[in-house]
There are 2 protein chains.
Amino acid sequence: MNRVIDIISRVRQIDGQFSKREQLVADLVLSQLEDCSQWSQHEIAEAAGVSVATVNRFCQSIGCEGFREFQIMLAQSVAVSMQYLGGPSRDSSESDQLVTQVFGALVDTLHLARSQLNSDAIAEATDALANARRIAFIGVGGGSANVAREGANRFFRLGILAEAHADGYFQRMLASTLEPGDILFAISSSGQPTELLDSVDIARQYGATTLSLTRTGSSLAERSDIAIELAIPEDQDIYKPSASRLVFMAIIDVLAAGAARKRPERVKEYLRRIRTSMIALSGDTSPKPIGD
Amino acid sequence: MNRVIDIISRVRQIDGQFSKREQLVADLVLSQLEDCSQWSQHEIAEAAGVSVATVNRFCQSIGCEGFREFQIMLAQSVAVSMQYLGGPSRDSSESDQLVTQVFGALVDTLHLARSQLNSDAIAEATDALANARRIAFIGVGGGSANVAREGANRFFRLGILAEAHADGYFQRMLASTLEPGDILFAISSSGQPTELLDSVDIARQYGATTLSLTRTGSSLAERSDIAIELAIPEDQDIYKPSASRLVFMAIIDVLAAGAARKRPERVKEYLRRIRTSMIALSGDTSPKPIGD
DNA sequence: TTATTTTTGTAAGTTACTTACATTTTAAGT
DNA sequence: ACTTAAAATGTAAGTAACTTACAAAAATAA
């Protein structure tokens with residue numbers, strides 16, 4: 001029973017590393033999945049503006065034996081995807097295609113992440129977070145720093161003292177002020193930044209629990225008490241934003257939801273207070289997201 | 001899928017009404033679904049002990065145009081079936097369920113958003129952003145402020161002067177410094193905050209283009225030159241973080257990807273520079289996400 | 001600039017699907 | 001039981017589609 005290999009993900013994975021003309025084929029396929037799954041090699045070649053041989057080589061580049069195999073795998077992937085995305089998409093305009101492509105990549109990456117997530121790590125993490133007195137999120141570089149901020153934003157709403165810092169020096173100083181019962185939550189897609197590694201070492205030294213959300217097997221993962229590890233291939237197409245940050249944020253959501261469930265009373269009270277303050281400000285009493 | 005015709009069901013439906021030899025084919029197909037989905041017409045003919053022409057006629061009998069079409073439909077049906085049967089959803093632990101729930105909600109919301117997105121607004125927005133000299137993202141409250149930061153983070157990488165601000169007073173002052181060719185991008189899930197409304201009014205007054213990502217029909221949407229509007233129901237379960245912020249970020253991704261495509265040269269050069277600076281810092285030359 | 005490697009399209013080659021037609025089988029009528 | 005017409009089937013020719021070899025063009029390195 002050979003498993004259904006998701007050919008679409010495979011194309012996305014290699015996206016950006018194709019040769020010029022093959023990239024044209026990749027773009028076409030990703031932007032018009034449904035059409036391509038029904039077109040012949042010749043039709044795809046014509047639509048992409050390349051020769052049939054290039055289409056064939058494209059198929060081989062992504063690991064298929066030839067177009068025949070690719071065609072069937074694509075049809076399967078599309079059929080399975082449609083199960084998720086529901087009805088047929090009429091990708092008429094360029095904008096529609098863009099949306100489909102970006103959202104599709106995100107959904108794919110979410111699935112990939114789910115398959116990689118270690119349940120035990122998640123369980124340990126939610127447990128530690130739910131009982132933490134103070135949580136310090138740290139991250140460097142635009143992306144991870146924002147994920148850290150979002151983490152603080154989520155947990156702060158649960159009535160847990162949460163903060164986020166992007167400054168390497170401040171991070172180290174902060175780490176040295178932590179104590180048992182506190183959590184240092186390091187976020188990095190590469191798991192390399194010295195600032196984070198140092199901070200984790202310092203925090204552990206003072207007895208704080210260190211938690212990380214980072215790349216599988218990275219230095220950061222190794223040094224942390226609890227590591228949530230992911231191996232997400234970065235999109236090689238430089239014109240396309242990578243979905244990994246959003247997946248990181250989604251995981252923060254998971255942790256926040258998990259922690260909230262473990263401390264229902266505490267959370268409820270704090271949310272009530274926050275909501276009250278918001279209503280006082282806007283006069284709007286309808287149920288709305290807490291904070292804008 | 002263009003039509004959700006489950007070919008397996010169709011074979012079962014006609015089962016017993018086939019001619020003698022075609023029935024042999026039907027029996028074979030139904031008993032060895034997976035094998036048949038990968039076999040050629042010739043292989044199936046041999047396995048069933050009939051001629052290839054009979055296999056072809058069998059395909060036509062069940063409504064396909066020929067073997068080609070049958071082969072693809074069978075492959076799709078098998079792939080979808082496998083999703084249900086051999087599927088990876090073994091939600092054993094509590095953590096797994098949590099992940100499934102949060103990710104599932106996100107995927108659902110993405111789907112909803114896709115159906116609501118106005119292609120024209122997206123097209124107009126990407127066009128304006130691609131040609132902007134300066135983009136100022138503004139948002140208030142933890143969530144939207146972070147989306148704004150993420151927006152600045154994305155566009156800054158495209159070589160466009162991008163900044164984000166969460167301070168209401170600063171936002172108003174900033175708005176008054178904008179000029180034609182500049183963009184004020186206001187982000188708010190409610191579309192109510194006075195800071196944003198004021199800022200948009202001020203920016204328009206000075207000739208800047210105002211863009212918003214907000215709730216359908218909100219004051220903010222009405223006042224903006226271009227409004228990307230969404231009506232996403234907030235999850236009432238207070239223990240569950242709402243998916244709307246992530247969807248907002250996903251839309252920022254869409255816009256960034258669209259804008260990048262319209263200015264390939266510009267983007268390429270800036271990304272090259274940023275990447276070079278990162279390599280100098282870490283010594284790692286492998287293709288990696290730009291910024292952590 | 002030149003040499004080398006990589007990429008690409010053309011065209012020939014091969015496979016596999018499709019169709020026409022003759023043969024066989026089946027079934028109904030005599 | 002025989003005849004005949006209709007249906008079913010297989011053979012073989014036909015055709016469309018995929019694959020591969022090779023030479024030209026482009027990109028890269030020296």
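Both backbone and side-chain heavy atoms feed into the values below; hydrogens, waters and symmetry mates do not.
In terms of the salt bridge (charged side-chain N to carboxylate O under 4.0 Å, His left out) criterion, residue partners of D127(B) (sequence neighbours excluded) are, by chain and number, K262(B). Partners of F103(A) according to the ring-ring contact (aromatic ring centres under 6.0 Å, His included) rule, which considers only residues two or more places apart in sequence or in another chain, do not exist here. By the side chain to side chain contact (heavy atoms under 4.5 Å, CB included) test, T214(A) pairs with S188(A), S212(A), S218(A), L220(A), A221(A), sequence neighbours left out. Shown here are the salt bridge (charged side-chain N to carboxylate O under 4.0 Å, His left out) partners of R223(A), two or more places apart in sequence or in another chain: D201(A).
When the C1' atom of dA16(D) is taken as reference, atom CZ of R68(A) falls 10 Å away, rounded to whole Å. Regarding I44(A), its CD1 atom lies at a distance of 19 Å from the P atom of dA16(D), rounded to whole Å. Rounded to a whole Å, the CE atom of M73(A) is 18 Å from the C1' atom of dC18(D). The nearest whole Å value for the distance from the CZ atom in F70(A) to the P atom in dT19(D) is 12 Å. Nucleotide dA16(D) holds its P atom 13 Å from the CD atom of E65(B), rounded to whole Å. With rounding to whole Å, E46(B) atom CD is found 19 Å from dT9(D) atom P. When the C1' atom of dA16(C) is taken as reference, atom CD of Q38(B) falls 17 Å away, rounded to whole Å. Q71(B) places its CD atom 14 Å from the C1' atom of dT18(C), with the value rounded to the nearest Å.
For N56(A), a side-chain nitrogen or oxygen approaches OP1 or OP2 of dT19(D) to under 4.0 Å. Distances shown here put every side-chain N or O of Q41(B) at or beyond 4.0 Å from the OP1 or OP2 atom of dA16(C).
In this structure, F155(B) has its ring center under 6.0 Å from that of F137(B).
Between E43(A) atom CD and D35(A) atom CG the span is 10.0 Å, to the nearest 0.5 Å.
No contact: E43(A) has no heavy atom under 4.0 Å from any strand. Within 4.0 Å (heavy atoms only), Q60(B) reaches sugar-phosphate atoms of the nucleic acid but no base atom.
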Would you mind building the protein contact string for nucleotides 4-11 of chain C? One character per nucleotide, 5' to 3', B for base within reach (heavy atoms under 4.0 Å), S for sugar-phosphate only, - for untouched.
---SBBB-
List, one per line, each side-chain donor-acceptor pair under 3.5 Å for residues 49-58 of chain A, sequence neighbours excluded.
unit_1, atom_1, unit_2, atom_2, d
S51(A), OG, T54(A), N, 3.3
S51(A), OG, T54(A), OG1, 3.2

